[in-house]
Structure formats: structure tokens, C-alpha cells
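Take a look at the structure below.
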Amino acid sequence: MGKDVIIACDFKSKEDTIKFLDRFTEEKLFLKIGMELFYAEGPDIVREIKRRGHKIFLDLKLHDIPNTVNKAMAVLSKLDVDMCNLHAAGTIEMMKAALEGLKREDGTRPLLIAVTQLTSTSQERMEKELLIQKPIDEVVIKYAQNAKIAGLDGVVCSPLEAGKVKENCGKEFLTITPGVRFETDDVGDQVRVTTPKRAKELGSDYIVVGRPITKAENPVEAYRRCVEDFCD
Ligand code: C5P
């Protein structure tokens, strides 16, 4: 499995997204579309980006009863996205139903990735509000193992956790890792960050990079630097 850089397209509208994409005249990109853009523009934004030849990670984090998730995934699969995700907290049964829904008639399907515990959930909140009385690192690994049992392809995690995930779920199990910054960048609201080079050393399969590329003076150059440091 080749390594790739996924650009987080955290734009509010199609117009802003297309303006950004128009800067890239040579490369075919892998783009993460999140809830904000998808809910604002609907499936058309996915179709437009696919028409331009880019790949899409549709980051909608599904979590519902198995039947509902199965049907929703079938719709996303027809949209021809390349990667999508769900909450592992929905249980193994839900994850299996999701995977089933994604299968296309020709036998192909998008990659399916699990979110374990969100990085915004602290140990304290998990214990007090969710009544989970275990160290959060253990919970993350348990959810990753559940995703693996359900047949999913990998998890979203910090580059710093990639090694531990692979140790517990096998080296083929994918790690999709946000929280990436160049040495010279502003960290912003991210807490634990690594550089593209370090993420590569730590075993990430895909890095998700937003502001270091989208807010760069020269986004194309910043993207190329990421690819050079992470993929080559
Ligand atoms: O701009 P930045 O590089 O921080 O963007 C990272 C992207 O990855 C954002 O779309 C953010 O929502 C997402 N993400 C994250 N941390 C997680 C899961 C997703 O930063 N644990």
C-alpha cells in the first residue's frame, strides 16, 4: 500500500474549494471532505471533485443502527468516494453492516476507516460521562481491534499512536493520521503534532494535512513538500 498525503479541504463552500483546487494544474490529489462542506454543498461537491480526477476521503463519521448505516454506506459507495469512515463505538455489528453496504456490484468498495475515541474526548470526560473506566490508550486500541475484527481497513489516529495500532492490529492495518505540521508552522489548535518526515518514520500510511497546505502562501509548493517528505 503506497503512502499518500490527504489534503483536508476544510472550506465552507464549493466556490472556495474550487478556487483552491484550480491552483493545482498538474497533480491528482487525495482530498478529505468533511461535514461542513458536504452538508453545505451536498453530493454535487463529491461529483465535481471526482470529475476533476481527484480521490476523496469522505469524512462523515457515521454512527447509527446497523441497518441505517448499511443503507447510507451504499449511497456513499455509489458516489464513488475512495475512503469513508464511521465511529467504532457503533459496535462490530454496525461496522460489518457498513462494510457490506459499501460493496459495489463489480466487487470493489471504498476503504473503510474507523474513528476510535475522538481526540477531543479526555480521560476525565470518558470516565465521568461515558462511564468507561479504562485508560484512554487502551480504549483506542480495543476499538481499533474491533474495527479489524469487523474487517475494516484501518483507523484514524495520531501519528504517535501508529506504531501501537500496527503492533496490535497488524502492519497491513492502515493508519490515517492528522496533526501534521512543518517545523516552522503554527501549531494552531492541534496539541500533539509531528512533521511529515516523522510521521513517515512512525509508520503512518496516510497523513491528513489541512492548514499547513490550505493556508500556505503557496499551497502547491507546501503540498509538494509534504509529498517529498512523506511519500518519497
Ligand atoms: O488544519 P489541520 O492540519 O489541523 O487539519 C486536520 C484535519 O484533520 C481537520 O479536518 C481535522 O478535523 C481532522 N482531524 C484532526 N484530528 C483528529 C481527527 C480529525 O485534526 N483526531
Side-chain angles (χ1 to χ4, degrees), residues 4-13 16-17 20-21 29-41 45-46 49 54-63 81-90 111-123 125-126 136-137 139-141 143-144 147 152-162 164-165 174-200 202 204-227 229-230:
D4 213 344
V5 173
I6 301 178
I7 305 178
C9 275
D10 292 324
F11 299 112
K12 62 180 187 317
S13 67
D16 290 356
T17 310
F20 172 75
L21 292 180
L29 307 169
F30 204 142
L31 303 163
K32 181 170 86 74
I33 304 294
M35 291 184 205
E36 185 187 10
L37 186 57
F38 189 77
Y39 293 151
E41 301 291 353
I45 187 73
V46 172
I49 292 173
H54 303 303
K55 287 187 179 173
I56 294 185
F57 168 21
L58 194 56
D59 179 18
L60 297 182
K61 301 188 180 69
L62 276 67
H63 188 175
V81 300
D82 299 277
M83 184 187 285
C84 52
N85 63 358
L86 46 63
H87 274 285
L111 290 170
L112 183 57
I113 304 300
V115 173
T116 58
Q117 279 291 346
L118 291 171
T119 43
S120 51
T121 306
S122 64
Q123 180 75 40
R125 286 187 182 144
M126 197 181 69
I136 199 158
D137 297 359
V139 177
V140 166
I141 293 300
Y143 284 20
L152 269 66
D153 302 293
V155 287
V156 179
C157 64
S158 153
L160 304 165
E161 294 160 359
K164 202 158 179 217
V165 167
L174 302 174
T175 52
I176 322 299
T177 67
V180 174
R181 293 290 180 270
F182 292 119
E183 274 107 354
T184 48
D185 277 341
D186 229 6
V187 170
D189 52 0
Q190 295 282 14
V191 181
R192 295 157 74 219
V193 299
T194 47
T195 61
K197 224 176 240 156
R198 185 75 189 121
K200 180 185 182 180
L202 290 167
S204 299
D205 296 289
Y206 294 85
I207 48 172
V208 178
V209 188
R211 287 160 291 182
I213 294 174
T214 56
K215 300 262 189 256
E217 217 163 279
N218 185 337
V220 178
E221 197 181 274
Y223 170 74
R224 287 184 184 156
R225 210 171 128 204
C226 274
V227 170
D229 287 357
F230 182 69

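Keep in mind that what you see is a predicted model, and the values were worked out from it rather than measured. In listed order, ligands and their atoms are each counted from 1. The figures here come from the full heavy-atom set of this structure, side chains too, leaving out hydrogens, waters and symmetry mates.
- Listed by number with element, the atoms of ligand 1 under 4.0 angstrom from any heavy atom of R211 are 1 (O), 2 (P), 3 (O), 4 (O).
- The shortest separation from a heavy atom of P212 to ligand 1 is under 4.0 Å, placing the residue in contact.
- If you number the atoms of ligand 1 from 1 as listed, the ones under 4.0 Å from a heavy atom of A8 come out as 7 (C), 10 (O).
- Numbered from 1 in the order shown, with element, the atoms of ligand 1 that lie under 4.0 Å from a heavy atom of D10 read 9 (C), 10 (O).
- Not a single donor-acceptor pair under 3.5 Å links the side chain of D186 to the backbone N or O of G188.
- From the protein, the heavy atom lying nearest to atom 21 (N) of ligand 1 is T119 OG1, 2.9 Å.
- Close N/O approach between R181 and ligand 1 is found [any backbone or side-chain N/O within under 3.5 Å].
- In this structure, K61 places its NZ atom where more than 12 heavy-atom neighbours from other residues, nucleotides or ligands lie under 6.0 Å away.
- Shown here for V81 and V46, the closest heavy-atom pair between the two residues is CG1-CG1, 3.9 Å.
- Protein heavy atom closest to atom 11 (C) of ligand 1, with residue, atom name and distance, is K32 NZ, 4.4 Å.
- Of the N or O atoms in V208, none lie within a sub-3.5 Å distance of an N or O in ligand 1.
- Rounded to the nearest 0.5 angstrom, R211 CZ and R181 CZ are separated by 5.0 Å.
- The protein non-hydrogen atom at the shortest distance from atom 6 (C) of ligand 1 is Q190 NE2, 3.8 Å.
- Residue contacts with ligand 1 leave out K215, since none of its heavy atoms falls under 4.0 Å from the ligand.
- Ring planes of H87 and H63: tilted class, angle from 30 to 60°.
- Other residues, nucleotides and ligands place more than 12 heavy atoms under 6.0 Å from the CD atom of Q123.
- Dense packing is recorded around NZ of K200, with more than 12 heavy atoms of other residues, nucleotides or ligands lying under 6.0 Å away.
- Short contacts between ligand 1 and G210, defined as distances under 4.0 Å to a heavy atom of the residue, involve ligand atoms 1 (O), 2 (P), 3 (O), 5 (O).
- The existence of a salt bridge linking D185 and K215 is excluded, since no basic side-chain nitrogen approaches an acidic carboxylate oxygen closer than 4.0 Å.
- Applying the 4.0 Å criterion to heavy atoms of P178 picks out, from ligand 1, the atoms 8 (O), 14 (N), 15 (C), 16 (N), 17 (C), 18 (C), 19 (C), 20 (O).
- The distance criterion of under 3.5 Å between nitrogen or oxygen atoms is not met by K61 with respect to ligand 1.
- Judged by distance alone, the side chain of D153 and the main-chain N or O of L112 form a donor-acceptor pair under 3.5 Å.
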